[in-house]
Student: 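Let me begin by handing over the structure; questions about it come next.
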Amino acid sequence: MITLKVRRKNGHIIRFELWGHAGYAEAGQDIVCAGVSALVIAAANGLITHAGVSRIVRQGNGRFTCLVRDIPSERARDMADAVLGTMVSGVAAIAARHPENVVLID
């Protein structure tokens, strides 16, 4: 099972961590894993490219962790919230359709 754990402070996502294997299909054919992975990686990249927010990403040992670091303005905070909210709603939709393969802890 894939797990996405989201941590918030004052209602804003400050960290998220992904680990596990979906087990929906064989490695390289698992569309559930691919969908969740794409959303998480796009969100981590979107923090920089769209929100102008710095973050620290750690990847390895079957885990992907992203820590939101420096938020230069309220506009950047709003953009970061939009990027990360989109990730959470996308993963929630996949988890609702595949509850045996994905869990979201928010």
Student: Do Val6 and Val68 share a hydrophobic cluster, counting only Ile, Leu, Val, Met, Phe, Trp and Tyr and linking them when any side-chain heavy atoms are less than 4.5 Å apart?
Tutor: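 Yes: a chain of side-chain contacts under 4.5 Å links Val6 to Val68.
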
Student: Side-chain heavy atoms nearer than 4.5 Å, only ILVMFWY residues, links allowed to pass through others: does that put Val57 and Leu18 together?
Tutor: yes

Student: If you round to the nearest 0.5 Å, how far is CD of Glu17 from CZ of Arg58?
Tutor: 10.5 Å

Student: Report the distance from atom SG of Cys33 to atom CD of Glu26, rounding to the nearest 0.5 Å.
Tutor: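 That separation rounds to 13.5 Å.
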
Student: With a 3.5 Å cut-off and sequence neighbours excluded, list the donor-acceptor pairs that the side chains of residues 86-106 form with protein atoms.
Tutor:
from	atom 1	to	atom 2	distance (Å)
Thr86	OG1	Ala82	O	2.8
Ser89	OG	Gly85	O	3.2
Ser89	OG	Thr86	O	3.1
Asn101	ND2	Ala22	O	2.8
Asp106	OD1	Arg8	NE	2.7
Asp106	OD2	Arg8	NH2	2.9

Student: Does one hydrophobic cluster hold both Ile2 and Tyr24, with members joined at side-chain heavy-atom distances below 4.5 Å?
Tutor: yes

Student: With a 4.5 Å cut-off on side-chain heavy-atom distances among I, L, V, M, F, W and Y, is there a chain of contacts connecting Ile31 to Val36?
Tutor: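 Yes, because Ile31 and Val36 connect within a single hydrophobic cluster, where side-chain heavy atoms sit under 4.5 Å apart.
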
Student: Pairs of donor and acceptor atoms involving the side chains of residues 39-54, under 3.5 Å and at least two apart or interchain, shall be tabulated with distances.
Tutor:
from	atom 1	to	atom 2	distance (Å)
Asn45	OD1	Arg55	NH2	3.3
Asn45	ND2	Ile41	O	3.4
Thr49	OG1	Asn45	O	3.2
Ser54	OG	Asp70	N	3.0

Student: Whether the side chain of Asp30 engages the backbone of Val32 through a donor-acceptor N/O pair (distance < 3.5 Å, no angle test) should be reported.
Tutor: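 Confirmed, Asp30 side chain pairs with Val32 backbone.
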
Student: How many angstroms lie between atom CG of Leu4 and atom CZ of Phe64, to the nearest 0.5 angstrom?
Tutor: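 If I round to the nearest 0.5 Å, the distance is 10.5 Å.
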
Student: Rounded to the nearest 0.5 Å, what separation is found between the CG atom of Leu67 and the CZ atom of Phe16?
Tutor: 10.0 Å

Student: To the nearest 0.5 angstrom, please state how far the CD1 atom of Ile13 sits from the SG atom of Cys66.
Tutor: 10.0 Å

Student: CE/Met79 to CD1/Ile71 distance, rounded to the nearest 0.5 angstrom?
Tutor: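 These two atoms lie 13.0 Å from each other.
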
Student: Identify the two heavy atoms, one from His12 and one from Asp81, that lie closest to each other, and give their separation to 0.1 Å.
Tutor: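 Minimum heavy-atom contact is ND1-OD2, 2.8 Å.
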
